[in-house]
Amino acid sequence: MKVMNIIEAVNDALHLEMERNDKVVVFGEDVGGFGGVFRATKGLTDRFGEPRCFNTPIVEQGIIGFAMGLAMNGFKPCPEIQFADYIFPAYDQIVNEVAKSRFRSGNSFTAGMVIRTPYGGGIHGGCYHSQSPEAQFLHTPGIKVVIPSDPYEAKGLLLASLRTDDPILFLEPKRIYRASKCEVPLDDYEIPLGQAQVAREGKDLTLIGWGAQHHQNLEAAKKAEAMGIDVEVLNLRTLNPLDIDTIIASIKKTGKCVVSQEAPKTMGFAAEISALIMEKAFLHLEAPVFRCCGFDTPFANAHEHEYMPDSPRVIKAIKDTYDY
Amino acid sequence: MKVMNIIEAVNDALHLEMERNDKVVVFGEDVGGFGGVFRATKGLTDRFGEPRCFNTPIVEQGIIGFAMGLAMNGFKPCPEIQFADYIFPAYDQIVNEVAKSRFRSGNSFTAGMVIRTPYGGGIHGGCYHSQSPEAQFLHTPGIKVVIPSDPYEAKGLLLASLRTDDPILFLEPKRIYRASKCEVPLDDYEIPLGQAQVAREGKDLTLIGWGAQHHQNLEAAKKAEAMGIDVEVLNLRTLNPLDIDTIIASIKKTGKCVVSQEAPKTMGFAAEISALIMEKAFLHLEAPVFRCCGFDTPFANAHEHEYMPDSPRVIKAIKDTYDY
Amino acid sequence: MKFEIETISYLNEDGEIRDGYQKTISDDLLLQAYKIMLQTKRIDERMVTLQRQSIVTFAMPSRGEEASTVVSAAALKPQDWHFYQYREQGAIFMKGFTIQEYCDHMLLNVDDTAKGRQMSNHFGKKELNAVTVSSTLATQIPQAAGCAYAQKLRGEDAVTMCYFAEGAASEGDFHAGLNMAAVTKAPVIFYCRNNHYAISTPSKDQFAGDGIAPRGIGYGMKTYRIDAMDAFAIYDTVQEAREYCAAGNGPVLIEAMAYRIGPHSTADDPSAYRTDDEVAKWEKLCPIERVKKYLIKNNLWSEEQDLEFYNALIEEIEESIAIAKAKPKPGIDSMFNEVYSDIPWNLQEQYDFLKEFTKEESH
Amino acid sequence: MKFEIETISYLNEDGEIRDGYQKTISDDLLLQAYKIMLQTKRIDERMVTLQRQSIVTFAMPSRGEEASTVVSAAALKPQDWHFYQYREQGAIFMKGFTIQEYCDHMLLNVDDTAKGRQMSNHFGKKELNAVTVSSTLATQIPQAAGCAYAQKLRGEDAVTMCYFAEGAASEGDFHAGLNMAAVTKAPVIFYCRNNHYAISTPSKDQFAGDGIAPRGIGYGMKTYRIDAMDAFAIYDTVQEAREYCAAGNGPVLIEAMAYRIGPHSTADDPSAYRTDDEVAKWEKLCPIERVKKYLIKNNLWSEEQDLEFYNALIEEIEESIAIAKAKPKPGIDSMFNEVYSDIPWNLQEQYDFLKEFTKEESH
Ligand SMILES: Cc1ncc(C[n+]2csc(CCOP(=O)(O)OP(=O)(O)O)c2C)c(N)n1
Ligand SMILES: Cc1ncc(C[n+]2csc(CCOP(=O)(O)OP(=O)(O)O)c2C)c(N)n1
Ligand SMILES: [Mg+2]
Ligand SMILES: [Mg+2]
């Protein structure tokens, strides 16, 4: 066990897996010797050589296409996109190519890879260093989406992802890259994909979140307790496949639900969760599922504090839903 | 009045607006002299000259970027993307640039344009000539999404779109490009954006759809009548901005709802509609909102018939929801 | 600030070779390639007819580019990988895809290597290292660079052949793929079929420079331009390029000049955008005829052998079509499996629903 | 298959011009550009300090590229449009963006032309035809082509200047923009600042060819390479390019060779990836010093005037910073308006909520 932050945990997982599996190749903008702008790949080139950890030209569509070719030919690429906001030039390669490759080739050419990218607001990043694009990938069959919320999860989920034969979008909450710290085993371990964590048990209301937002949710749940509301907090960890059983079991217990996400409300993943809960637990619902989200605007730098659905806003959502 | 199909109505609207507004410029792959692979732009180069209607190289990211430059400098571009499946190379230009331009430049540089593209399944198009990507654009603030379902709407909505100072994604239901025919005024007229059509009044259940799927819905509603279920059918026409008032008014009347879309179920626009209905009309709901959708798979050519949420599947959804 | 890229050409329309040219392709391989060219032409013709009869839904004939695809593939080795655009049926035939496999694919039956999931004309086969076609243009270009980098990492004697055409070369992915291959020194041959049209769009609307080849120089890449109606120019250049790549020198770009004599696809009517005269001019340059003339002139083949071979070919094709027609289409399970490595709950739910629903409906 | 692109250079480090060179920039304009270069350098330094003091959140100094940005802009006309990458504050200063406007933007106050919505260093101003910076690399390149096409459609005497750097030139949008401009013969100058680094990534990992210029030839585009530490080479080349474009000949590519002497941004520590020696070598080539030496040698300026000007400049900058600091940040309405041309119901709902919530919370 060692206290690590998320960056260190990611770095540790990459070292471990590159050692174990010589098919893992890491690359991206500034990812080589320098170790990436957040330094998540630091030391990999020194340890494993430039052929296995290297800088690419600045061309996200090329990075992902290149990764797909490596994957088809037996390697396990782990490309980094420098910021999630810059994943969109690669959107075609991801949703049309990587995601569909296994299916459309009749299981002949698979594209298992882990695309790592820092996401989310709160670092004075304005319109283009703040976005949370998970929803834009969840409509596309064929790609799994994983989001850790702390260093322990970052390492365990990254190792599990690197051992899954599917394309995985691995979104890292950059706002808490260094702020989130906890004990992390130095050994190998996996956190299975598709299983949500019941981070806090409660009987009055279910609060669902993922990534950095999960910490706002935990804080809100603690404050809600003082107001006499016993909140169950779910930390999804994997958005696709979704752990529907854990969600529905919780709703059946509490009858009330708030889903909280940083991304804009409209067509965010909270919408899907809300719709699923209605479909599968309608008769248990005592109030409408409440979506506490970012606003339907681009991310304004000067107002990033106001933009974020932070714990005070989550608390209000909890209260309003509880009192419905 | 003249009986037209959708292609003819689009073509008519483009002729009319290019005549009226010399700032309208039309371009895309094969769009020039040849008139596009579906011939929607036929005759425009002859009539208005190559500078205003021309072929581009095959580069969707370039087509949209180029359109944005034209728009910033005072023109009204109407680029065509040959198939909606090929809009993804332009995804970055659309969601990061076109959609955010007005906002991030402090209202200095706007990017009003109408991106026309044929979408949807049912023409033996397999994975890449069948997709319905509306949901992938509806999470992005700044871009409006319009989908006509017949020639009358195609002309009226296209004219209204070309006169709106916002970026608009105009999705044309290619399966019924020629099959859908109706009387279309030869004169200028607009169908206002943001207003849904109550295509059929009913009191038992609200059935919501758009584009080609709307015709499946109408057929299903007709058959449901025979089974004693009186279905109100809403044709959205504009997905963003959404006509929430019409939807909620209908739900308050019927208490039951099916939303039907061709795209995969997970994170399709039906999820947002479902979540909104729960938020705004929870106490009126007598059954969960049912989503009758495409499956969460890529679009398999050999099984496109089975894939489509056609009227028999919509009828089953209506029955199940009615009997809930 | 000017430079010329010459067009390599050895064999003319009359089957005669340029003075002093020494053929490198073996007689056997040349004859085999000739037969595969004939096969490609014949199958293309049949598929167009079958489309008119609604037996296949879509086809993309490669008339005019049979040498370009077949002979380029003949210059490669079995362990080499192919990435296609779509008009390279000739290349996959040369690589070993059988007529029956092709027909099963075109008719999207249960034995289609792509399990009926894609449109016709989207061939591919894992065992051949022949990557399944995807409709999205140019996406295979950076993929080919990555695939070649895998070969380099393994230190194999293998290269990646990446086919695409001059229209696709306008996509951002072209730039991405060529530059990344150049920087990583990946052993990939970028083989650009410049056939003068992209659906209705002539080259003059596609680019303003001197074709695609000069772009290779911009990436610091070894570059050739060849007459792709000439089997010998194709063979020698691809062989040389293969050696260069396999020796660790990095990628090569070849611009293969030909012409799309047929329609873009069975959905296209080229008379709307070009003249018969233009097409006829190119017909006369037929790449298959050139080889036939050469073979006969050099006593490697005769008209009688040709006729005999052709009749047997026709028979085999018709038989394969008949067999393909008789096979059922894939089951609905193939809609839901292989989306992922496992079947998540939502797909299981949807599959169960569809099975049940199909049962109900058929009552 | 080889070609050379020479680097145009007239003015050396000692402020001396090449034999026979005839200066074309007027003395007045040269002096004005010199002053703006000094201004750019000084403001850059101040912004880095202000970032350390948490007064601005982000800055991107342009040390080493002051001539490249300022003098290239000096060769253009007011009606011309500029598209920037981000390190071209010198160009927008030359175009007329005031020190106060720049400070208001950097501090993201209520008078920021971008209304505080973007990061700092994302300047722009509609009235100047100076398009607001966007962080996404290379997206401005096809946009510039379209903007120039609009100028061509109008038949204006105006061109579009498109700045970007060698790293961004790897993006697909670079290929898209240059090819589309070439095909449409749009009057755009693609001005590539090759400063040898993209954050930590040296050019050798960015491309394998001879820089960016040869790519221009590939697009059939008029192409230049210039020493961008040399004000005269920049001015003459951009002027010539402007004339060429404005005359309807189509686009031009200029590769402007310089060096990023400072860090990538205030978030970067270049000591992790390059040596001080390397930087020092380039420091000595300072583009501002060269002009100063030339001016003084030719009696167009003196050390006294220089000192006087510089002191006044410092004062103006400090005043502007103080004023900018005193201004409030934009109101929360600026989060919700101008997303669209109108305010749809969902934004109105959210705005109403936030107003109410902010009130509640402040109790
Ligand atoms: C990304 C993308 N955009 C557009 C299309 C539609 N499309 C299919 S083929 C084609 C023309 C391709 O021309 P070229 O690359 O020259 O190949 P050729 O048909 O001449 O062999 C177009 C535009 C597509 N398949 N993918
Ligand atoms: C699409 C995109 N990808 C990545 C980034 C992150 N990024 C910002 S600047 C930069 C380096 C750019 O280098 P270059 O183009 O050479 O410009 P310079 O900083 O040298 O002026 C990178 C990778 C980005 N802003 N946009
Ligand atoms: Mg072509
Ligand atoms: Mg640089």
- chain C contact via A:N107 - which portion, at a heavy-atom distance below 4.5 Å: both

- Top contributor to chain A contacts, counting heavy-atom pairs under 4.5 Å, from C:M335, C:Q140, C:K152: C:M335

- Message: Before we go on, tell me: are the rings of C:Y149 and A:F66 under 6.0 Å apart, centre to centre?
- Response: yes

- If we ignore angles and hydrogens, is there a donor and acceptor under 3.5 Å between the side chains of C:Q206 and C:S170? yes

- Note on the structure: Per-residue tally against chain C (heavy atom, under 4.5 Å) across A:L70, A:D165, A:T164 peaks at A:L70

- Do A:Q82 and A:D30 have a side chain donor and acceptor closer than 3.5 Å? yes

- Measuring heavy-atom distances to chain A, does C:K125 have an atom under 4.5 Å in its side chain, in its backbone, in both, or in neither? backbone

- Establish, yes or no, whether a centroid distance under 6.0 Å links the rings of A:Y128 and A:F83. no

- Item | Distance-only donor-acceptor check, side chains A:Q261 and A:W210, under 3.5 Å | no

- Item | C:A145 portion near chain A, given a 4.5 angstrom heavy-atom threshold | both

- State whether the side chain of A:D166 and the backbone N or O of C:S341 hold a donor-acceptor pair below 3.5 Å, judged by distance alone. yes

- Using a heavy-atom distance cut-off of less than 4.5 Å, which residues of residues 100-115 of chain C contact chain A? C:T113, C:A114, C:K115

- Would you check if there is a donor-acceptor pair between the side chains of C:E156 and C:Q79 at a distance under 3.5 Å? no

- Message: Can you list the residues of residues 181-189 of chain C that sit under 4.5 Å from chain A, counting heavy atoms only?
- Response: C:V183, C:T184

- Task: Using a cut-off of under 4.5 Å on heavy-atom pairs, state which of C:G177, C:C147, C:P330 scores highest against chain A.
- Result: C:C147

- Assess the side chains of A:T56 and A:E29: does a donor N or O sit below 3.5 Å from an acceptor N or O? no

- Query: Do A:S105 and C:T132 get their side chains close enough for a donor-acceptor pair, meaning under 3.5 Å?
  - Reply: no

- Query: Using non-hydrogen atoms only, which part of C:E127 is less than 4.5 Å away from chain A: side chain, backbone, both, or neither?
  - Reply: neither

- Task: Below 4.5 Å from any heavy atom of chain A, which atoms of C:E349 appear? Answer side chain, backbone, both or neither.
- Result: side chain

- Task: Under 4.5 Å heavy-atom distance to chain C, tell me which part of A:P51 shows up: side chain, backbone, both or neither.
- Result: both

- Task: Assess whether side chain to side chain contact (heavy atoms under 4.5 Å, CB included) is satisfied between A:N240 and A:L242, documenting all intermediate values.
- Result: CA-CA 5 Å; A:N240 180 30; A:L242 181 67; 5.9 Å; no

- Item | Residues of residues 87-95 of chain A with any heavy atom under 4.5 Å of a heavy atom in chain C | A:D92, A:Q93

- Task: Select one option (side chain, backbone, both, neither) describing which atoms of A:I64 are under 4.5 Å from chain C's heavy atoms.
- Result: neither

- Message: Is C:N346 close to chain A through its backbone or its side chain, or both, or neither, when contacts mean heavy atoms under 4.5 Å?
- Response: neither

- Query: In terms of heavy-atom pairs under 4.5 Å with chain C, which of A:K100, A:M68, A:M72, A:Q61 leads?
  - Reply: A:Q61

- Select one option (side chain, backbone, both, neither) describing which atoms of A:E60 are under 4.5 Å from chain C's heavy atoms. neither

- For the pair C:M60 and C:M47, evaluate side chain to side chain contact (heavy atoms under 4.5 Å, CB included) and give the outcome as yes or no after the intermediate values. CA-CA 8 Å; C:M60 307 187 87; C:M47 291 301 150; over 6 Å; no

- Any side-chain donor near an acceptor of the partner, C:T139 and C:D173, under 3.5 Å: no

- Quick one: do A:R104 and A:E97 make a salt bridge, cutoff under 4.0 Å? yes

- Message: Ignoring hydrogens and geometry beyond distance, is a side-chain donor-acceptor pair present between C:S135 and C:H122 at under 3.5 Å?
- Response: yes

- Message: Taking side chain as everything from C-beta outward and backbone as N, CA, C, O, which of these in C:M119 sits under 4.5 Å from a heavy atom of chain A? Side chain, backbone, both or neither.
- Response: neither

- Looking at C:S134, C:G172, C:S334, which makes the most heavy-atom pairs under 4.5 Å with chain A? C:S134

- Task: Could you tell me whether A:K280 sits above the aromatic face of A:F282, with NZ or CZ closer than 6.0 angstrom to the six-membered ring centre and within 45 degrees of the axis?
- Result: no

- Is there side-chain contact between A:L159 and A:D188, with heavy atoms separated by less than 4.5 Å? yes

- Residue, of C:M180, C:R154, C:Q143, that accumulates the most heavy atom pairs under 4.5 Å with chain A: C:Q143

- Query: Do A:V145 and A:T238 touch side chain to side chain, with heavy atoms closer than 4.5 Å?
  - Reply: no

- Please step through side chain to side chain contact (heavy atoms under 4.5 Å, CB included) for the pair C:L253 and C:Y191, ending with a clear verdict. CA-CA 6 Å; C:L253 172 63; C:Y191 188 91; over 6 Å; no

- Task: Check the surroundings of atom NZ in A:K76: do more than 12 heavy atoms from other residues, nucleotides or ligands lie under 6.0 Å from it?
- Result: yes

- Stepwise side chain to side chain contact (heavy atoms under 4.5 Å, CB included) check, C:R242 with C:L76: CA-CA 7 Å; C:R242 192 194 180 283; C:L76 299 171; 4.0 Å; yes

- Message: Ignoring hydrogens and geometry beyond distance, is a side-chain donor-acceptor pair present between C:Y163 and C:S72 at under 3.5 Å?
- Response: yes

- Does A:F137 have its ring centroid less than 6.0 Å away from the ring centroid of A:H139? no

- Message: I'd like to check A:L158 versus A:L14 (side-chain heavy atoms, cut-off strictly below 4.5 Å). Are they in contact?
- Response: yes

- Query: Which of residues 86-94 of chain C have a heavy atom under 4.5 Å from any heavy atom of chain A?
  - Reply: none

- Message: Taking the cut-offs as 6.0 angstrom to the six-membered ring centre and 45 degrees off its axis, would you call C:R193 and C:F164 a cation-pi pair?
- Response: no

